[in-house]
Amino acid sequence: MIFRDIGMATASLVGSLETKLAAVRSAGFSQVMIAAADVVSHPGGTAAGVRAVRASGLEVTGVEALRDFEGLERQLHAYKVDVAKAMLEICADLGGRLLLVEASTSKHASADPAAIARDLAKLAVLAVPLGIRVAYKGQPWSRTARDFRQAADIVLRANVSNLGVAVDAFDVLASGVPLDDLDILDPDQTFLVQVSDYMWQEVRSAEEQAATATHFRVFPGEGAHSEALSEFISRLDTNGYVGNYSFDVYNDDFLQMPPEVVSVRARRAAVWLAETVLRRALPVPNVERLRALRS
């Protein structure tokens with residue numbers, strides 16, 4: 001394993017859960033973002049899915065994603081609380097310490113920041129006994145938080161220590177959010193940074209942005225925005241972010257490729273991120289053996 005704070009997501013790969021985990025591990029990653037559906041849809045049942053993740057030896061970056069949770073009322077709210085409890089239990093069973101929550105796109109969700117903060121605070125309190133942090137991610141098409149700036153404001157309103165922000169590089173770059181705005185983020189309340197790129201120079205409509213986000217992302221270093229992506233990551237690093245980076249790559253073409261091939265692409269992206277952007281030296285394989293030969 002050579003990548004300690006960089007991981008990829010099972011959602012980027014096709015195949016069984018065991019196949020996905022093996023591909024991630026063989027590419028040199030030590031952590032993986034788990035799509036909850038990969039666990040609960042395991043042919044042997046949820047318990048078997050949990051065992052597969054545990055047996056892989058990979059650290060669980062987190063579980064994704066709880067959607068359309070906040071800003072609801074009465075029966076809808078109660079229903080989503082039940083869903084959230086189930087996802088928190090899965091996260092805990094996997095040994096994960098983070099649940100990703102994507103800002104709601106539901107037409108039934110209130111846009112009142114106070115109501116949203118209240119609901120997220122409730123979720124975070126439910127996560128406390130399990131030792132899980134909740135990372136709230138704004139989305140450009142959301143009714144409740146359209147980007148990390150609004151998400152950070154809501155997290156500040158909620159004022160719960162295990163509630164923080166997830167930042168998605170794609171959303172920042174595709175929406176044209178000024179990188180100077182990253183300075184508002186508290187590194188201690190920034191729980192996850194998701195990284196990906198895309199092939200075209202610009203997205204020309206909200207519809208195209210949504211389609212690109214869900215179907216045509218590529219790994220860092222493969223797209224048209226390497227320089228901007230480098231600046232994005234360098235800015236967070238300079239501001240004191242020391243958490244995990246997860247490749248949040250949804251690409252229909254990758255789902256038609258062997259997972260081992262896609263994982264090799266992710267490995268190249270991790271090397272680019274570690275050496276070129278973060279300027280971190282990668283450990284030399286078998287260093288202890290080499291030292292023994294020299295002595």
Side-chain angles (χ1 to χ4, degrees), residues 36 62-91 98-130 132-194 203 205-207 209-211 213-214 236 241 243 248:
V63 170
E64 58 180 1
L66 177 61
R67 300 181 176 95
D68 297 330
F69 172 80
E70 73 281 12
L72 302 174
E73 296 181 351
R74 296 183 288 277
Q75 293 94 333
L76 275 175
H77 173 72
Y79 165 75
K80 278 297 181 179
V81 169
D82 284 343
V83 173
K85 288 178 179 178
M87 292 193 68
L88 286 170
E89 290 176 3
I90 291 170
C91 187
L98 183 139
L99 176 66
L100 180 67
V101 179
E102 295 180 350
S104 181
T105 61
S106 171
K107 295 180 180 179
H108 302 283
S110 168
D112 178 12
I116 299 165
R118 180 194 63 226
D119 290 345
L120 291 173
K122 180 177 181 177
L123 175 62
V125 170
L126 290 173
V128 168
L130 301 173
I132 294 173
R133 299 189 301 172
V134 175
Y136 184 52
K137 182 173 83 168
Q139 300 189 105
W141 40 86
S142 169
R143 285 177 51 82
T144 55
R146 292 187 177 273
D147 55 38
F148 69 84
R149 297 168 297 190
Q150 293 182 355
D153 177 69
I154 291 169
V155 166
L156 183 64
R157 288 171 179 265
N159 192 29
V160 184
S161 62
N162 68 322
L163 176 64
V165 177
V167 186
D168 189 330
F170 171 86
D171 292 339
V172 174
L173 300 182
S175 299
V177 177
L179 294 185
D180 286 349
D181 289 0
L182 292 170
D183 295 347
I184 71 167
L185 293 171
D186 178 355
D188 293 333
Q189 293 302 123
T190 305
F191 289 171
L192 181 68
V193 174
Q194 295 179 302
V203 289
S205 67
E207 292 76 16
Q209 183 171 344
T214 53
L236 289 171
Y241 178 72
D248 189 47

With a 4.0 Å cut-off on N to O distance, would you call D153 and R157 a salt bridge?
yes

Are any side-chain N or O atoms of Q189 and backbone N or O atoms of L163, one a donor and one an acceptor, separated by less than 3.5 Å?
yes

With rounding to the nearest 0.5 angstrom, report the SG to CG distance, C91 to L100.
10.5 Å

Do any N or O atoms from the side chain of S104 and from the backbone of S106 form a donor-acceptor pair under 3.5 angstrom?
yes

CZ/F69 to NE2/H77 distance, rounded to the nearest 0.5 angstrom?
6.0 Å

Euclidean distance, K80 NZ relative to L123 CG, rounded to 0.5 Å
11.5 Å

Heavy-atom side-chain contact between D186 and V165 under 4.5 Å:
no

Quick check: does any side chain N or O of D147 sit under 3.5 Å from a backbone N or O of Q150, one acting as donor and the other as acceptor?
yes

Show the numbers, then the answer: is there a side chain to side chain contact (heavy atoms under 4.5 Å, CB included) between V177 and F148?
CA-CA 10 Å; V177 177; F148 69 84; 3.8 Å; yes

In the structure I gave you, are the side-chain heavy atoms of V83 and L66 within less than 4.5 Å of one another anywhere?
yes

With respect to L130, which candidate in V128, I132, L126 satisfies the side chain to side chain contact (heavy atoms under 4.5 Å, CB included) definition?
I132

Are any side-chain N or O atoms of Q139 and backbone N or O atoms of A103, one a donor and one an acceptor, separated by less than 3.5 Å?
yes

Does the side chain of Q209 come under 3.5 Å of the side chain of S175 through a donor N or O and an acceptor N or O?
yes

Please report the closest heavy-atom contact between L185 and A152, naming both atoms and the distance.
CD2-CB, 4.1 Å

Determine whether a donor-acceptor pair (N or O, by modelled atom type, separation under 3.5 Å) exists between the side chain of K137 and the backbone of A145.
no

Quick one: does E70's side chain get under 4.5 Å of I154's, heavy atoms only?
no

NE2-CZ distance between H108 and R74, expressed to the nearest 0.5 angstrom:
12.0 Å

What's the spacing between W141 CH2 and D171 CG if we round to 0.5 Å?
5.0 Å

Kindly indicate whether the side chain of F191, heavy atoms from C-beta on, has any atom under 4.5 Å from the side chain of L98.
yes

Grab the two heavy atoms, one from A121 and one from V160, that are nearest each other, plus how far apart they are.
CB-CG2, 3.7 Å

Separation of L192 CG from L99 CG (nearest 0.5 Å):
11.5 Å

Measure across R143 and A109 and return the closest heavy-atom pair with its distance rounded to 0.1 Å.
NH2-O, 2.9 Å

How close do V134 and A124 get, counting heavy atoms only, and between which atoms?
CG2-CA, 4.0 Å

Determine the minimum heavy-atom distance between A36 and V63, stating which atoms define it.
CB-CG1, 3.9 Å

Is Y136 close to I116 at the side-chain level, that is, under 4.5 Å between some pair of heavy atoms?
yes

Expected output: side-chain S142 to main-chain G138 donor-acceptor under 3.5 Å:
no

